[in-house]
There are 2 protein chains.
Amino acid sequence: MKPPIHSASSLSKLGQRATEPPISWLMKMAIDRPQLISLAAGFTDSDSLPVDEARALMNEMLGSANSGRAALQYGSTSGDADLIRLTIERLLALEGAKAASQRAYDPQRVVITHGSQQFLYLISEALCDPGDIVLVEDPTYFVFLGILQIHGVRTRGVPVTPDGMDLTALEKVLESLRRRGELPKLKLLYLVSYFQNPSGVTTALEKKEAALKLLRRYERDAGHPIYLLEDAAYRELRFSGPEIPSALSLPNASSRVIYTGTYSKPFATGVRVGFGLLPETLLRVVYRIKGNHDFGTSNLLQRLLAMAMATGRYEKHLPLLRRRYASKAAAMIEALKQHFPSSVQWLAPEGGMYIWAQLPKAIQTGPKSKFFRRVFARDVFYVPGEFCYAEDPARSKPRHEMRLSFGSASESNIREGIARMGAVLKELT
Amino acid sequence: MKPPIHSASSLSKLGQRATEPPISWLMKMAIDRPQLISLAAGFTDSDSLPVDEARALMNEMLGSANSGRAALQYGSTSGDADLIRLTIERLLALEGAKAASQRAYDPQRVVITHGSQQFLYLISEALCDPGDIVLVEDPTYFVFLGILQIHGVRTRGVPVTPDGMDLTALEKVLESLRRRGELPKLKLLYLVSYFQNPSGVTTALEKKEAALKLLRRYERDAGHPIYLLEDAAYRELRFSGPEIPSALSLPNASSRVIYTGTYSKPFATGVRVGFGLLPETLLRVVYRIKGNHDFGTSNLLQRLLAMAMATGRYEKHLPLLRRRYASKAAAMIEALKQHFPSSVQWLAPEGGMYIWAQLPKAIQTGPKSKFFRRVFARDVFYVPGEFCYAEDPARSKPRHEMRLSFGSASESNIREGIARMGAVLKELT
C-alpha cells in the first residue's frame, strides 16, 4: 500500500515555505468590524485620492482613438518610454545638484513594475538563492521580509538610529560574516531610506555613503558585488525638513546602487505602478524575469501616470497630499503627547505615514499580548512591532514596540484611537 | 590574489538561468522597422480596442467620490469581490449545462492576477522545484516555456492532433516516466485548450476527460496529485463552431483542475487582468506568494472590468471583436490558399489569433534559416515554430513550422505578407 495522496505533498520548496503573511492576518482582523479604528493599515488617505484628476486624464487619454488605443494595447516589458523619461526627470529634480554621476540616471537603467513591491520581488529572485544572506534594518518593511522568507533567504538585522542605520553595528555584522566565511552568501543591504516603514526614520546621505563604502570593503571577501538596495517608496510624501539626495547621487552608484520608487503612494494606491533603476547586468536579468511574470506592466496605468506627470497634474496634487499627511501626523503627535505616559518613546517623522512607538519593555505588543487584546477589545488596531523584525539568530526580537499609521484613519479617529490606547497603557503601567 | 569581481557572479541560480526570451528578440526585430508586416506579434487587433467604452466606464467610475476612491485605493490580495462574482457568472454561462460540479465554480477558489501570465508564474512557483517535470503540448505557448526554463523545470512534449493532445502519446510519456521512476517529479500537464497558441487547435472535451483520468491513474506512482492546468486565454475569441466546456465541468475537477482565463485578450491587452481557479490547498499558497509579488492586482483595472461586465458593455463588445478576427482569419486562409504551395499544411482555427503552418521538412524556418532571412528581407515576420517546442531529450524539435498571427496586422497586410512568403516558398521548392 502506498501512502494516501495529499495535495500539499506536490508543493515546491518555495510553496512549502509560503506561510501566511502578517499582512493577510491584519486585513482579516479588520474585515467585518467596520467600527474598528485602524492605525495598522498601510492604506493611504482616501479623501485626497485624485478622483477628479484621474477622470480628466482618462477623458483626455481615451478621447482620441490614437492615444486611447496606445493605452489599451500591450506595451514593452521594460515600460512606457514617456513614463521612463518623466521618471528620470522627476528623480533628477528631487536629487538637485548632488546628482553627481549622470550614468546612474540613464533612462536605459529603468524598469517599470506593477508597484515597487513587484520590483522588490524581481530583484530578490535575480540575486538570492536559499541560504543566501540579506542585511535589513531593525525594524524593516515586513512584506520585504516575506519575499526573503519564501525564497529561503537568511537575514541579519542592523539597528536603526534617528538618522538611519547604526554604522558601527553594520560593520560588526559584516565582520562577523567575514569571520564565519559567510560573506560569499551576502547579496545586498536593504534600506528604506525616507520616513521608513515602519520607524519613520530618514537616512542621512552621509550614512548612505558610509554604508556603500563599507559594503565595498567587504566585496573582496564576498567575491562578488554587495549591492545597496534603496527603497524610496515614501520619498514624495515629505512634509517637513530639506530634501535628501538618494544613494544614486554617490560615487560608484551606477554599479552598486539599486533604487526603487513608486507612484502608488504619491498618486493612487489603486494604480499600482512602481519603478527600479539598477546596474546593467542586473537589469537584463530583471527584464527577462519580468518577461515571464507579465511581459510588462499594464499600459493603461503607465499612460495614465505619464500623462499625469506630463500635464503637471501629478506635481500639483502633491502639496495637497503632503498637507493632509502633515496635519494627520500632527494630530497623532498631539494625541501621543496628551494620552501616552512619558515612558513611551517615539519620534516625529518628516514625512510618510508611520510613527514607531517603543513601550516600556515590560509591556509586550504581540498579537497574543494583553496590551493587544485590550486595545483590540476597544476597537483599536496597530501593527505589532515584532512583525517588522527579521529572523536573526544573533539577537532576539524586541516585543514591546508598535507601528502606528496615520495614513488612512481620519484625524478624529487618530485622536480617539490614541486616547483609547493611552487608557490601556495607563491600566498596564 | 582573489579573482576580479564580476556582477554576474552574484546572480541567483534562477537569475543565471534567465536567458533572453524569444519574445524580446521578436520585439527587438520589429523596432525601427515600421514598414514590417508582422505576422509574429501576439498583439491584438487595434481598431477594435474599446476606447469609447473604456472612456464611458471611467467617467462613470470616477464620476462619484465613493466609487472613484474605491477604484484608486488598495484592494485585497485575492481580488475585487464583484469581479470575482462576475467572473464566475460569466464562466458558468460559457460552460452551459455541463457545469457538473458546483464546487469547482466556487468564487472562493478564484484569484485575480495581473494578466493570466502572472497566474501561470504563480502556480509554477507554487508547484515546481528545479528538476521537476511538466508535460506540455508539442507545440505550446512559448512564454510558459520561459517560466519553466528559469525555474529549472524539465519538460516533456506531447504531440497535438487536430482535436487536441494525442492521448496515446500522453500515455507513452507517462509510462516512460513511470518506468524510470520519475513520476514523483511530475507536477502537471499544461493544456492551452481553446484555439491554442500557437497551433490554433481546440481540445475536445472527451480528450480533457481522458487526459484527466490518465493523470489520475499515475498518481499512485507519483505519490501526489498530478494537476491538469487548463489555459483558456483565447476562449472568448471563438468565431465559429459550438462552445466546448472546460475541464472544470468534469468529475473531480475541483481537486485536480487548475483553470486560468484572461480579460486582456477579449477586452483590452493594455488592461492586464486575468484570473485563476484552483484547488484550495494550492489557492492558499498562491495567495501567499501573490501577497509577496504585489499584494493584489491594480484595483483601478479590476473595477474597470467589473463595471464593463456589470453594465453589459463587455458582453456587447465581444461580437464586434469576433467578427474582426473571423474576417482576418478568412483573409489569411484565402491568401494561404492562393499563395502557398499545396505541400504546406495548415488548419483553419475556430477562434483566437493564430494559424500554424507546416512547410515541407526540407525548408527550415528558424531565425538563421534561408527562409526566415528571405522573408525578413521582404519585410515580413513570423514566429519560428521551434520557439514553441519544449526542450525534450526524447525527441528532436521540428524545424519546419511557423506561427502566423492574424491578430494585429490589417487584412491587406495579412494578404500582402502571405503573398510575399508564398513567393519565397516558391523560390525554395
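What you see below is based on every heavy atom in this structure, not just the backbone, and it leaves out hydrogens, waters and symmetry mates. Here is the naming used below: chain letters follow the sequence lines, and residue numbers restart at 1 for every chain.
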If the plane angle is over 60° it's perpendicular, under 30° parallel, otherwise tilted; pick one for His114(B) and His114(A).
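Rings of His114(B) and His114(A): parallel, under 30°.
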
Only pairs of heavy atoms separated by less than 4.5 Å count here; which of [options] has the most with chain B?
options: Gly68(A), Gly75(A), Ala268(A); result: Ala268(A)
options: Gln117(A), Arg303(A), His293(A); result: His293(A)
options: Arg17(A), Met58(A), His151(A), Met61(A); result: Met58(A)
options: Leu304(A), Val285(A), Asp294(A); result: Asp294(A)
options: Asn299(A), Thr44(A), Thr269(A), Leu300(A); result: Thr269(A)
options: Val273(A), Asp129(A), Leu120(A), Ile150(A); result: Asp129(A)

Residue, of [options], that accumulates the most heavy atom pairs under 4.5 Å with chain A:
options: Glu125(B), Gln302(B), Gln118(B), Lys187(B); answer: Glu125(B)
options: Leu49(B), Val51(B), Leu72(B); answer: Leu72(B)
options: Gly15(B), Ala126(B), Ser124(B); answer: Ala126(B)
options: Leu122(B), Val286(B), Asp52(B), Ile289(B); answer: Ile289(B)

Side chain, backbone, both or neither of [X] within contact of chain A (heavy atoms, under 4.5 Å):
X: Lys185(B); result: neither
X: Asp47(B); result: both
X: Ser64(B); result: backbone
X: Ala54(B); result: both
X: Pro130(B); result: neither

In chain order, what residues pass the side chain to side chain contact (heavy atoms under 4.5 Å, CB included) check against Glu60(B), with sequence neighbours excluded?
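Only Met307(B), Thr311(B) meet the side chain to side chain contact (heavy atoms under 4.5 Å, CB included) criterion with Glu60(B).
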
Segment of Pro50(A) engaging chain B (4.5 angstrom heavy-atom cut-off):
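When you check distances to chain B, atoms from both the backbone and side chain of Pro50(A) fall under 4.5 Å.
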
[X] and [Y]: which non-hydrogen atoms are nearest, and at how many Å?
X: Ser298(A); Y: Val271(B); result: OG-CA, 4.3 Å
X: Tyr227(A); Y: Ser10(B); result: CE1-OG, 3.6 Å
X: Arg55(B); Y: Leu62(A); result: NH1-O, 2.7 Å
X: Phe295(B); Y: Val143(A); result: CD2-CG1, 4.1 Å
X: Ser12(A); Y: Cys128(B); result: CB-N, 3.5 Å
X: Arg272(B); Y: Thr297(A); result: CD-C, 4.3 Å

